[in-house]
Amino acid sequence: MQIGDGVITSTSNSQVKNIVSLLKKSGERKRRGLFVIEGIRMFKEVPFESVQNVYASESFAKDNVALLDGYRYEVVRDDIFERMSDTKTPQGILASVSMPRYSMDDILGKRHAPLIVVLENIQDPGNLGTIIRTAEGAGADGIIMSRDTADIFNPKTVRSTMGSLFRMPFVYAEDICAAVRNLSDKGINTCAAHLEGAEEYYNIDYCLPTAVLIGNEGGGLTKEITKAARSRIKIPMRGKLESLNAAVSTAVLLYEAARQRELKAR
């Protein structure tokens, strides 16, 4: 355990400014290849080698010596730490972390019949984080996102993943339609979740190599990516609903896939 030089007592401190900039500016995160995690649970999830700088409030540092053991960290006065934090009730610890890097090989090379999530223009950071967390829970192999999808390193997204961010491979595709066509060319059944789907989602064989396509919260999938997919599937809805939340739709499809694959494996 190594403690930095003195206690940080001012918001004008350069380290405080750096953390605030990483929290608020996507461009700064991309430029530096860093993002911020907060809280005990997320801190425990981060691979040790990815941690760059650790900050602990004075009160937290006094009571959590064991958690901080092995890290060099800076102690921050409690009121200043609150100003650094992006959460309403800071837990007393945050860190700047190197962004994980993945490739398509990380997503496609895990097993013979991969299960992939393709996201087009998902805008809500919380939705995106929930989808990433759900994908891990359902046993998906990875996530492919369009460039206009929300920043995966947005603080709200990071919190919503509950650590899955460090275990679920993901890539942003420059041309998401081309990426879908490439998946189809590789023998992967690309299934577009669509209100005008020709098949109910539970009639699809998810034991085959599968990619489920999920669109924007308000507008769904674009015509271009829908056309690029091999098939269109729908989730039947009762009542007067027009659509389901993107994260909910993803969960319905992925857990049906997980159910089918579990039955086949027995």
Side-chain angles (χ1 to χ4, degrees), residues 4 8 11 13-57 60 64 67-68 70-76 80-104 106-107 117 119 121-136 140 142-174 246-247:
I8 296 176
T11 55
N13 182 283
S14 61
Q15 295 193 69
V16 175
K17 290 181 177 180
N18 285 338
I19 289 296
V20 172
S21 182
L22 287 173
L23 284 168
K24 295 184 179 298
K25 299 177 181 179
S26 175
E28 185 67 8
R29 293 192 290 269
K30 291 176 183 176
R31 184 182 73 81
R32 298 177 61 190
L34 298 173
F35 67 105
V36 178
I37 60 94
E38 294 194 57
I40 295 173
R41 180 167 183 169
M42 284 299 294
F43 185 71
K44 290 179 177 179
E45 294 280 2
V46 183
F48 181 84
E49 64 276 8
S50 296
V51 177
Q52 298 300 305
N53 297 289
V54 180
Y55 301 89
S57 67
F60 183 91
N64 292 274
L67 179 65
L68 294 166
Y71 295 93
R72 187 185 190 283
Y73 63 95
E74 303 290 340
V75 177
V76 184
I80 302 302
F81 189 92
E82 290 182 8
R83 303 278 290 277
M84 290 175 72
S85 173
D86 186 65
T87 60
K88 292 182 179 179
T89 54
Q91 293 184 39
I93 186 168
L94 59 80
S96 60
V97 178
S98 298
M99 293 178 174
R101 305 288 185 184
Y102 301 102
S103 69
M104 286 296 292
D106 294 316
I107 294 174
V117 182
L119 303 177
N121 194 23
I122 298 297
Q123 292 299 293
D124 184 80
N127 261 349
L128 179 57
T130 301
I131 288 170
I132 294 165
R133 185 180 175 191
T134 301
E136 182 185 17
I143 298 174
I144 303 171
M145 297 172 284
S146 63
R147 277 292 171 190
D148 51 6
T149 291
D151 181 8
I152 200 169
F153 300 110
N154 178 291
K156 186 174 181 180
T157 304
V158 172
R159 287 195 296 273
S160 297
T161 69
M162 298 293 284
S164 294
L165 175 67
F166 300 109
R167 297 181 294 271
M168 177 55 53
F170 61 87
V171 297
Y172 282 92
E174 291 292 343

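Since the structure is predicted, the reported quantities are computational estimates derived from the model, not experimental observations.
- With hydrogens and angles ignored, the 3.5 Å screen pairs a side-chain donor or acceptor of T130 with a backbone N or O of G126.
- Counting only heavy atoms from C-beta outward, the side chains of M145 and I122 never approach each other to under 4.5 Å.
- By the 30° and 60° cut-offs, the orientation of the rings of Y71 relative to F43 is tilted.
- A donor-acceptor contact under 3.5 angstrom links the side chains of T149 and S146, judged on distance only.
- At least one side-chain heavy atom of R159 sits under 4.5 Å from a side-chain heavy atom of D86.
- Residue T157 comes nearest to I152 through the heavy atom pair CG2-O, 3.3 Å, listed as atom of the first residue, atom of the second, then distance.
- When atom types are taken as modelled, the side chain of R72 and the backbone of N53 share no donor-acceptor pair closer than 3.5 angstrom.
- Interatomic distance, CD1 of I80 versus CD of Q15, reported as 13.5 Å (0.5 Å rounding).
- L67 is listed as a side-chain neighbour of F60, based on a closest heavy-atom distance under 4.5 Å.
- Minimum interatomic distance between L22 and S96 (heavy atoms only, all atoms of both residues): CD1-CB, 4.2 Å.
- Atoms CG and CG, from N18 and N13 in turn, are 8.5 Å apart once rounded to the nearest 0.5 Å.
- Looking only at side-chain heavy atoms (C-beta outward), D151 and F35 stay at 4.5 Å or farther from each other.
- Side chain of Q91 to main chain of I40: a donor-acceptor pair is present (N/O by atom type, distance under 3.5 Å, no hydrogens or angles).
- In this structure, the side chains of Y73 and I93 stay at 4.5 Å or more apart for every pair of heavy atoms.
- Taking CZ of R29 as the start and CZ of F153 as the end, the distance is 9.0 Å to the nearest 0.5 Å.
- Of all the heavy atoms in M84 and V20, the pair that sits closest is CA-CG2, 4.3 Å.
- Using a 4.5 Å cut-off on side-chain heavy atoms (C-beta onward), F170 and I132 make no contact.
- Residue R167 qualifies as enclosed at atom CZ: its count of foreign heavy atoms under 6.0 Å is above 12.
- The structure places CD of Q123 at 6.5 Å from CG of D148, a figure rounded to the nearest 0.5 Å.
- Here S160 contributes atom OG and R133 contributes atom CZ; the two are 8.5 Å apart, rounded to the nearest 0.5 Å.
- Of all the heavy atoms in A150 and L128, the pair that sits closest is O-CD2, 3.4 Å.
- Between P90 and T87, the closest side-chain pair of non-hydrogen atoms falls below 4.5 Å.
- Taking both residues in full, the closest heavy atoms of T11 and K17 are given as O-CG, 3.8 Å, listed atom of the first, atom of the second, then distance.
- Not a single donor-acceptor pair under 3.5 Å links the side chain of Y102 to the backbone N or O of I143.
- The distance from the CG atom of L165 to the CE atom of M99 is 9.5 Å, given to the nearest 0.5 Å.
- Within the 4.5 Å cutoff, no side-chain heavy atoms of F166 are placed close to those of T161.
- The minimum heavy-atom distance between V171 and M104, with the atom names listed, is CG2-SD, 3.6 Å.
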